[in-house]
There are 2 protein chains.
Amino acid sequence: MRDEKTDLPGAELAAFAAGIRYKDIPADVVARAVDLFVDWVGSALAGKGVRPVEILSGFATSMGPAHGPCEILIDRSSSSPLFAALVNGASSHVAEQDDVHNGSVFHPAAVVFPAALALAQAHRASGREFIAAIVAGYEVGIRVGEFLGRSHYKIFHTTGTAGTIAAAAASARLLDLTPEGMLHAFGSAGTQAAGLWEFLRDGADSKPLHTGKAAANGLMAACLAKDGFTGAKQILEGRQGVAAGMSSDADPAKLTDRLGTRWALAETSFKFHASCRHTHPAADALLKAMRENSLAMADITSVTAHVHQGAIDVLGPVVSPASVHQAKFSMGTTLGLIAAFGRAGMNEFDQAYARQDVAAFRDCVRMELDAEIDEAYPARWIGKVMVETVDGQRFEARVDEPKGDPGNTLSRDEIETKVRGLAAFSGAVSPPELDELLLQLWAIGRRDAIGTLLPAREEAGAGMAIA
Amino acid sequence: MRDEKTDLPGAELAAFAAGIRYKDIPADVVARAVDLFVDWVGSALAGKGVRPVEILSGFATSMGPAHGPCEILIDRSSSSPLFAALVNGASSHVAEQDDVHNGSVFHPAAVVFPAALALAQAHRASGREFIAAIVAGYEVGIRVGEFLGRSHYKIFHTTGTAGTIAAAAASARLLDLTPEGMLHAFGSAGTQAAGLWEFLRDGADSKPLHTGKAAANGLMAACLAKDGFTGAKQILEGRQGVAAGMSSDADPAKLTDRLGTRWALAETSFKFHASCRHTHPAADALLKAMRENSLAMADITSVTAHVHQGAIDVLGPVVSPASVHQAKFSMGTTLGLIAAFGRAGMNEFDQAYARQDVAAFRDCVRMELDAEIDEAYPARWIGKVMVETVDGQRFEARVDEPKGDPGNTLSRDEIETKVRGLAAFSGAVSPPELDELLLQLWAIGRRDAIGTLLPAREEAGAGMAIA
């Protein structure tokens, strides 16, 4: 007789997620969860004023209740958990500053925190319960992303698909569902899992829609399961499940990889540049090449960025970016900003993505598939560039761990600096408010009950932007 | 230079849908649209009291506004368009009595009507505008289902996936979007397209979730597009679009098949038996075999149902049904009810699906792939059975067009009888109310403004069922 655990890896993962308790989570994982939370709030605030986010916020206003227990961070309006998850999920992904897990090529924060925060506020959960829910979301989502594999990511935005299950896991843990209930939540989440890369070709608005809907749909799956709504028990690995439909290299063993001993949350990287993560290794390598060889932008005639296939799949369609958001998926633009400013942050993208020198630099950048990098990916994201200069010289540079990766992570000071920059960029929070907010955020784990994070604003402009 | 139409079939389909006007729709197509509407209302009422539908209704109550311009038919509560679409979409599919289009293996009513009705009520659209929107939804959804092909349907519930785009098309037409806006709505809908068959193995509650979410997500996509939210322009046929991710035999020519000359809506079949449509050809053939040869249930020792592969894919996982809903996906149970009662309606399933003689009959039924049937499918759904009797005789019967198909359709009297049966079964509407309702429904096309269909009930029990 075969071991049930081996036969039903999805059920084993659900049982693990349902059983996560704060007291069992190692202290360094708890600390990293708080770092990721603070980092996420910065991203969520950064979405204020961004057109697709404001449209989604208007939709929430027109379809949802006028008020509710849950906070929409961009404008401090309130709503039910579903709409808070939707809008915070969208706003926290649109600036491309939210975290990423390398091995799963998955952005956990933008789907896990919106769902868990909304339900924690609605149920007045404690900081410890909140953190346990976050950990459940990360551990599940990352393993589902790894399970779905590289074939999945070629067509599907894993943060939309695996993200729905991650949000369901966090929500179900917050609602204290049984292992069976958790599995039903997986079932209803998995059968809603969606998100395609096709939008990249047009620079369309789908990316924040994917995270907002993943957060909202996952939350919905958990709420339904709490009320007895059933889902497929093998939604991930079954013959007509997520992997059967959307992957050709899925590995069920990834679903249960070292549960309880490997804490995948702690492997999550912070984003340093304000662009798609696939550009970061080459960006860091270019920075290194320029610093080591004292090169200026004008010295450079061409850059070859050696990359993994996934970078070509995602960034390849973006030839001539027509918006700030699309520019974040242009390797050439990102390297152009690095060359011009030594950094590719929110302000650089906003103000200079279409500048003539940056556009000219962009057209001198090409990506080339590199066997070593592709083999190391997605466990490691190696950056290599070859730079040619006006005087015919060639320089190479290599970065083994881009800034923000676990071995090259951000300090709490660096995270604060990043959050301050994001909040200042969007104007969602004033500097004095931010001082108070940051104090609160770092102490989130010690709260007796998660309430609103920001002081209410009279008649905060929910939906005003789209009249 | 190639014709843009040929290059972008999705855009051509969107332009067609955006351009549909009531005056251009042939009268017989309008009449059939009204037939389908009346039939759909019956299905929507039939969902009252069904556990997963009531759970979704409770979710709508807890997450949505307390009141709104849109009607939730099962309990006459009101909400915003999003939640009315969600609950009416779920309730109209759960009884397995809603319509089906053979060639696309797609249930249009359960996704198109909920979205269009909700927006028509919210915007007080005229009956003509409502019908134009319905036609847009059917024409788009059916072609998208045909485009996605048989490989898609093996894993994906086409009504969930194509249904999201169908609901978006109906919604966008109702909102009078431009061709460009329609295409953006397709983009946001397609990137949310989801729905997996895996739930069948457990008899889980996902099927009405698929229709409810397809209706709600499609409506959302159109509302967002109206406000300027952009989507991928080749979400259906693009290299990282719906077909690339979820089909291996997609045919883009199907998307634009005879636009404006072929009215696919009129090809839609009504369901006669209260079970999965894949059981109907064999059910009609068994009925014929029993009538022609004066056989009673007790005479029969075995039945071989000759079927297409899709029937085996969908019905195969259901071996021993554990619920009324799962029994509707059991070929053996359906044929057992036919044998016992001469019909397989709501009452027969509800009261007798687990009865000993029906269960015993079920175990004597087997499905066998039939080359002729499989080749004709999905354009034609042929039924063939071979019956063996206790005295060793064998009888065969064949039905070329099951009851409810366009060539063997239901009259308006038969539709009324069906709706009365569904309403009586669930108790959602009293017989006198139903008389008045039916008069109104048949006249829907002549309304100046679509309002609520049913008289309000004081404190209708929204969410009561799940406390």
Side-chain angles (χ1 to χ4, degrees), chain A residues 51-52 55-56 58-59 62-66 68 80-83 152 154-157 160 164 184 187-188 190-206 209-210 213 217 220 223-224 227-235 238-242 244-246 313 317 466, chain B residues 51-52 55-56 58-59 62-66 68 80-83 152 154-157 160 164 184 187-188 190-206 209-210 213 217 220 223-224 227-235 238-242 244-246 313 317 466:
Chain A
R51 185 184 47 77
I55 294 172
L56 281 163
F59 181 78
S62 67
M63 296 293 169
S80 65
L82 188 73
F83 293 101
H152 179 74
K154 285 182 84 73
I155 308 277
F156 292 93
H157 183 198
T164 308
H184 286 310
S188 291
T191 207
Q192 296 184 69
L196 293 157
W197 283 124
E198 182 61 27
F199 74 90
L200 282 176
R201 221 171 307 281
D202 309 304
D205 295 332
S206 312
L209 179 66
H210 293 169
K213 286 307 297 278
N217 288 341
M220 177 176 180
C223 291
L224 294 178
D227 286 338
F229 199 95
T230 61
K233 290 184 176 143
Q234 294 186 72
I235 194 64
R239 273 182 289 149
Q240 292 168 303
V242 175
M246 308 190 221
D313 293 340
I466 61 157
Chain B
R51 184 184 46 77
I55 294 172
L56 281 163
F59 180 77
S62 66
M63 296 292 169
S80 65
L82 187 74
F83 292 101
H152 179 74
K154 284 182 85 72
I155 308 277
F156 293 92
H157 183 199
T164 307
H184 286 310
S188 292
T191 207
Q192 296 184 69
L196 293 157
W197 282 124
E198 181 61 28
F199 74 90
L200 283 175
R201 222 170 306 281
D202 309 305
D205 295 332
S206 312
L209 179 66
H210 294 169
K213 286 307 298 278
N217 288 341
M220 177 177 180
C223 292
L224 294 178
D227 286 338
F229 199 96
T230 62
K233 290 183 175 145
Q234 294 187 72
I235 194 65
R239 273 182 289 149
Q240 291 167 306
V242 175
M246 309 190 220
D313 293 340
I466 61 155

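Bear in mind the structure is a predicted one, so any value in this text is a computation, not a measurement. In what follows, chains are A, B, ... by sequence order, proteins preceding strands, each numbered from 1. All values below were derived from every heavy atom in this structure, side-chain atoms included, with hydrogens, water molecules and symmetry-related copies excluded.
- Remark: side-chain polar atoms of Thr230(B) are paired, donor with acceptor, to backbone N or O of Asp205(A) under 3.5 angstrom.
- Checked by atom type and distance alone, the side chain of Glu198(B) pairs as donor or acceptor with a backbone atom of Gln240(A) at under 3.5 Å.
- Asp313(B) pairs by the salt bridge (charged side-chain N to carboxylate O under 4.0 Å, His left out) definition with Lys154(B), not counting sequence neighbours.
- Heavy-atom distances place both the backbone and the side chain of Lys233(A) under 4.5 Å from chain B.
- Looking at His184(A), there are no atoms closer than 4.5 Å to chain B (heavy atoms on both sides), in backbone or side chain.
- Side-chain polar atoms of Arg239(B) and Gln234(B) form no donor-acceptor pair below 3.5 angstrom.
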From CA spacing to verdict: side-chain contact (heavy atoms from CB on, under 4.5 Å), His210(B), Gln192(A):
CA-CA 8 Å; His210(B) 294 169; Gln192(A) 296 184 69; over 6 Å; no
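- Here Trp197(B) is the residue among Phe199(B), Trp197(B), Phe83(B) with the most heavy-atom pairs under 4.5 Å with chain A.
- Heavy atoms of Thr164(B) lying under 4.5 Å from chain A are absent altogether.
- Note on Gly190(A), Pro81(A), Gly160(A): by heavy-atom pairs under 4.5 Å with chain B, the leading option is Pro81(A).
- Both the backbone and the side chain of Ala244(A) come within contact range of chain B, judged by heavy atoms closer than 4.5 Å.
- Counting only distance, with no hydrogens or angles, the side chain of Thr191(A) and the backbone of Leu196(B) share a donor-acceptor pair below 3.5 Å.
- Contact annotation for Phe156(A): only side-chain heavy atoms (C-beta onward) come within less than 4.5 Å of a heavy atom of chain B.
- Comparing Val242(A), Asp202(A), Leu56(A), Leu200(A) by heavy-atom pairs within less than 4.5 Å of chain B, the highest count is held by Asp202(A).
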